[in-house]
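Just dropping this structure here.
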Amino acid sequence: MAIIETRGLTRDYVAYDGSGLRRTRRLVRALDGLDLRVEPGEAVGYLGANGSGKSTTIKMLTGILVPSSGSVRTCGLDPVPSRRQLSKRIGVVFGQRSALWWDLPLVESFPILAAIHRLPEASWRPRFDTLVDGLELGAFLERPVRNLSLGQRMRGEVAAALLHSPDLVVLDEPTIGLDMISKDNVRRFLARDRAERGTTLLLTTHDLADVQRLCGRMVVIDSGRLVFDGTEARLAEATDAERLLVIDLAEPVEGGALASVLPPGCRLDAVEAEGRRVSLAFTAAISAAQVLAAVASRAEVVELALAEPAIEDLVRQLYTRESPTNAASRPSRTSW
Amino acid sequence: MARAGWWSTVAETLDARPVTGWAMTRTLLGARLRAQASFRGSFAVDLVSQFAASLVDFAELYVLLHNAPVIGGMNLTQAGVVFGLSTLAFGLADLVFGQLDRVDRLIRAGQLDTLLLRPTSLLLQLVTADVQLRRLGRAGFGLAAYLVALAWAGVTWTPANVALAVIAPVGGVLIFGALFLASGSLLFWVLDGGQAGNALTYGGRYVSSVPGAALAAPLRAFYTFVVPTILVAYVPAAVLLGLPLPALLWPPMAWLGVPVGVVLWGVVLLIWRASIRHYTGAGG
C-alpha cells in the first residue's frame with residue numbers, strides 16, 4: 001500500500017480583488033491535478049518556489065485542508081475525516097511554527113507530547129533517548145525553548161515530530177534558520193531512522209541543497225503543477241543547472257592559467273579581488289572536489305563557498321528543456 | 001533511582017500503563033501552570049490587578065446605589081448578591097475558557113495547524129494551553145462578595161435555598177463558558193469578529209451583574225431567552241432573597257442555570273465543530 005496517494009488533487013482558493021462594493025471574487029488554483037504516489041520507506045524532496053503549492057499539498061495530505069477536487073489517501077486514510085487517527089501515524093514539522101512549549105525547558109515538551117499521544121513512558125522514553133543522542137539535544141535540554149537558537153529549536157522540533165515513531169514524517173521547510181551543523185545532524189539522523197524503521201520522509205523546500213544527500217526522489221511543482229518527478233541525478237541531468245564554487249586564494253592567480261587546468265564541464269565564471277577570488281561554475285557531471293583540486297594545484301585555498309542552483313533556475317531549465325506537458329504526464333514510477 | 005540488575009530491561013523500570021484522558025489533561029494543565037510560574041513577578045501583579053478591577057466594577061454599582069438606594073427592586077446588599085454571584089461565575093468561566101476568544105491569534109500565526117495535527121481535541125488543547133491563573137483574582141473577589149452579601153442580606157436558609165446558592169454558580173459557569181466558546185467559534189468565520197464576540201461575553205457579564213428588573217422588557221427578554229445571562233445571577237438571587245420578579249421571569253427559573261447551560265453547550269459545541277470544519281474547508 002502506498003503511504004501517500006493522490007489523484008488529480010486540486011485546491012482552489014477564493015481571492016478578492018479591490019474593496020467595498022467593487023470587490024470581485026476570483027478563484028485561484030493553488031494546486032492543479034497532482035498525481036503522486038509515495039511508497040513506504042521512500043525519501044521524497046518536494047521542491048517548488050514560494051507560492052508554488054507546496055504548503056497547500058501538505059495541508060491536504062495531513063487533513064487540515066479539504067481538497068477542491070481529486071482524491072488523497074495518507075497512510076491509507078482519508079485525511080480530513082480521519083485527521084486525529086492520522087495524526088498518530090504522521091509527524092509534521094512546520095519550519096516557522098513551533099510544536100514545543102515555549103516557556104518550558106525543552107526536555108519538558110516530550111512527556112507532554114507523549115501524553116497527548118497517549119504513550120506510556122515505557123514506550124516513549126527509549127525513543128526519546130535515541131532522539132537525544134541522534135539529534136544531539138543533550139547540551140540544551142534544560143534550556144527554555146524561547147532561549148534556544150533557531151538551529152537548536154529546529155532539532156527539538158524534529159525530535160518532537162518523531163517521538164511517537166510516525167510512519168510518515170513531513171518536514172515543511174524545516175531548514176529555515178538551520179545552521180550547517182544542525183542541518184547535517186538532522187540529515188544524518190533522518191537517514192538512520194529511515195534505514196532502521198522504514199519511515200517515509202517528505203521534505204518540502206525551496207532550497208535544493210536541503211534535499212540533496214537526503215532524498216532519493218525529487219518532485220518539483222510549479223504554479224500548482226507537477227513539472228518533474230524522478231531521481232536527484234535525473235533532475236540534475238534534466239536541468240543541467242550549474243553550481244557555483246567561490247574560492248578565496250592565498251596568492252593571486254592568472255585567469256588564463258587557471259582555466260587551462262579546469263576539468264571539462266567547469267568554467268571560470270569570474271575573477272575578483274585582483275585574482276585572489278575566483279568563481280567557478282560547473283555542471284552535475286563533475287564534483288565540487290574535482291574543481292577544488294584543480295584550483296588547489298595552482299594556488300593555496302583559503303576559504304570557499306558553494307552555491308546550489310536556485311529552484312527558480314531549475315524550474316526554468318525544466319521548461320526550456322522539454323515542454324511542461326511532457327514533464328507533467330511522465331509516469332512517476334518509470335523514471336527511477 | 002535504584003535500578004534492577006543488569007538483566008532487567010528498560011521496560012521493567014518504566015511505567016508501561018496506558019495513558020488515560022485524565023492523565024493527559026493533568027499533564028497539559030501542569031505544563032501550563034509551570035510555564036506561568038516561570039514569570040512569578042508578573043503573575044503576582046496580574047493577580048492583584050484582576051482583583052482591583054473587580055473592586056472598581058463593584059464601586060460603580062456602589063455609586064449607583066448610593067444615589068438611588070433601590071435599583072430594580074434591590075438595595076445595595078441585595079444587588080451585592082447579584083454582583084458577587086455573577087462575578088464568581090464569570091471569573092471561573094473566564095479562568096477555564098477565557099482564552100477561547102483569542103483563537104484568532106493562533107489562526108493568524110498558523111499555530112492552529114500544529115494543534116490540529118495532534119490526536120486530541122482542539123478544545124482541550126486550547127483550554128489547557130492558556131489557563132490564566134491570575135483570573136482567580138476576579139473569581140476570588142466574586143466569591144467573597146457573594147458570601148458577604150448573602151450573610152448580610154438575611155437569607156432564610158432552607159435546604160432549597162442552600163442548594164440553590166451552591167448550584168447557581170455552577171449554572172453560571174456553564175452559561176458563560178458556552179458564551180466564550182460561541183465567541184471563539186465566531187472567530188473562525190470572521191477573523192476580526194473579536195468585538196462582536198466581546199459583546200456576547202463581556203456584554204453578557206455586565207447584564208448579569210446588575211438587577212435584571214432594572215432592564216427594559218425587550219432587553220430583559222433578549223438576555224433571558226437568547227443570551228440567558230439574567231438566569232446566571234439575578235433570578236437565583238431574587239429567589240434566594242425572596243424578592244418578586246418582573247414580567248417574563250418566574251421563580252422556578254432560578255433552577256434553570258444548569259439545564260440551560262447544558263443545552264447551550266450542546267448547541268455551541270455543534271457550532272464549534274462546524275467552525276473547525278469551516279477552517280479546514282477554507283484553509284485558514
Donor-acceptor contact present, side-chain A/Glu121 to main-chain B/Ala16, <3.5 Å: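 No, because the side chain of A/Glu121 does not come within donor-acceptor range (under 3.5 Å) of the backbone of B/Ala16.
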Contact summary for B/Pro119 and A/Arg84, nearest pair of heavy atoms: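 Nearest pair, atom of B/Pro119 first, then A/Arg84: CB-O, 3.6 Å.
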Shortest non-hydrogen separation from B/Leu117 to A/Ile64 and the atoms involved: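 Of all heavy-atom pairs spanning B/Leu117 and A/Ile64, the closest is CD2-CG2, 4.2 Å.
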Atom pair CH2 (A/Trp101) and CZ (B/Arg32), whose distance is rounded to the nearest 0.5 Å: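 Separation between the atoms: 12.0 Å.
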Side chain to side chain contact (heavy atoms under 4.5 Å, CB included) against A/Ser82, all qualifying residues, sequence neighbours excluded: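 Scan of A/Ser82 (side chain to side chain contact (heavy atoms under 4.5 Å, CB included), adjacent residues dropped) gives A/Leu77, A/Asp78, A/Gln85.
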Side chain proximity check, B/Arg118 to A/Ser87, heavy atoms < 4.5 angstrom: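 Not in contact.
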Derivation and outcome, side-chain contact (heavy atoms from CB on, under 4.5 Å), residues A/Leu65 and B/Thr280: CA-CA 4 Å; A/Leu65 184 64; B/Thr280 57; 5.8 Å; no
B/Tyr202, OH atom: more than 12 neighbouring heavy atoms under 6.0 Å: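 Check passes, neighbour count above 12.
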Rounded distance (nearest 0.5 Å) linking atom CG of A/Leu113 with atom CE of B/Met24: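 Result: 12.0 Å between the selected atoms.
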Region of A/Ser123 in contact with chain B, defined by heavy-atom distances below 4.5 Å: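 Contact with chain B is absent: no heavy atom of A/Ser123 under 4.5 Å.
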Most contacts with chain B, counted as non-hydrogen pairs under 4.5 angstrom, among A/His117, A/Arg97, A/Glu108, A/Met60: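 It is A/Arg97.
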Region of A/Pro105 in contact with chain B, defined by heavy-atom distances below 4.5 Å: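 When you check distances to chain B, no heavy atom of A/Pro105 falls under 4.5 Å.
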Between B/Ala109, B/Ala23, B/Gly30, B/Gly21, the one whose heavy-atom pairs under 4.5 Å with chain A are most numerous: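 Result: the option with the highest number of such pairs is B/Gly21.
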Step-by-step side-chain contact (heavy atoms from CB on, under 4.5 Å) determination, A/Leu119 to B/Val19: CA-CA 6 Å; A/Leu119 299 174; B/Val19 179; 5.7 Å; no
Value rounded to 0.5 Å, distance of CG in B/Asp15 from CH2 in A/Trp124: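 B/Asp15 atom CG to A/Trp124 atom CH2 measures 11.0 Å (nearest 0.5 Å).
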Top contributor to chain B interface from A/Ile116, A/Ile90, A/Thr56, A/Leu86 [non-hydrogen pairs under 4.5 Å]: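 The residue among A/Ile116, A/Ile90, A/Thr56, A/Leu86 with the greatest pair count is A/Ile116.
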Residue B/Thr20 versus chain A: region with a heavy atom under 4.5 Å: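 For B/Thr20, backbone heavy atoms alone lie under 4.5 Å from chain A.
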Under 4.5 Å from any heavy atom of chain B - which part of A/Arg89: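 Neither part, no heavy atoms under 4.5 Å.
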Contact origin within B/Ala129 toward chain A - heavy atom pairs under 4.5 Å: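 For B/Ala129, there is no contact with chain A at all, as no heavy atom is under 4.5 Å.
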Residue selection (most heavy-atom pairs with chain B, distance under 4.5 Å) from A/Gly91, A/Pro144, A/Ala115: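 Of the options given, most contacts go to A/Ala115.
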Residue A/Arg197 excluded, over 12 heavy atoms near CZ under 6.0 Å: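 Yes.
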Crowding at CZ, B/Arg273 (>12 non-hydrogen neighbours, <6.0 Å):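 Check fails, neighbour count at 12 or below.
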Side chain / backbone / both / neither for B/Arg17 at chain A, heavy atoms under 4.5 Å: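 Just the backbone, heavy atoms under 4.5 Å.
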Interface moiety of B/Ile276 toward chain A, non-hydrogen atoms closer than 4.5 Å: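 Answer is side chain: those atoms of B/Ile276 sit under 4.5 Å from chain A.
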Within 6.0 angstrom of B/Gln195 CD, more than 12 heavy atoms from elsewhere: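 No, not enclosed.
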Partner chain A: residue of B/Thr25, B/Leu115, B/Leu116, B/Leu28 with the largest heavy-atom pair count (under 4.5 Å):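 Looking at each of B/Thr25, B/Leu115, B/Leu116, B/Leu28 in turn, B/Leu116 comes out on top.
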B/Arg105, CZ atom: more than 12 neighbouring heavy atoms under 6.0 Å: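 No, CZ of B/Arg105 has 12 or fewer neighbouring heavy atoms, counting only those of other groups under 6.0 Å.
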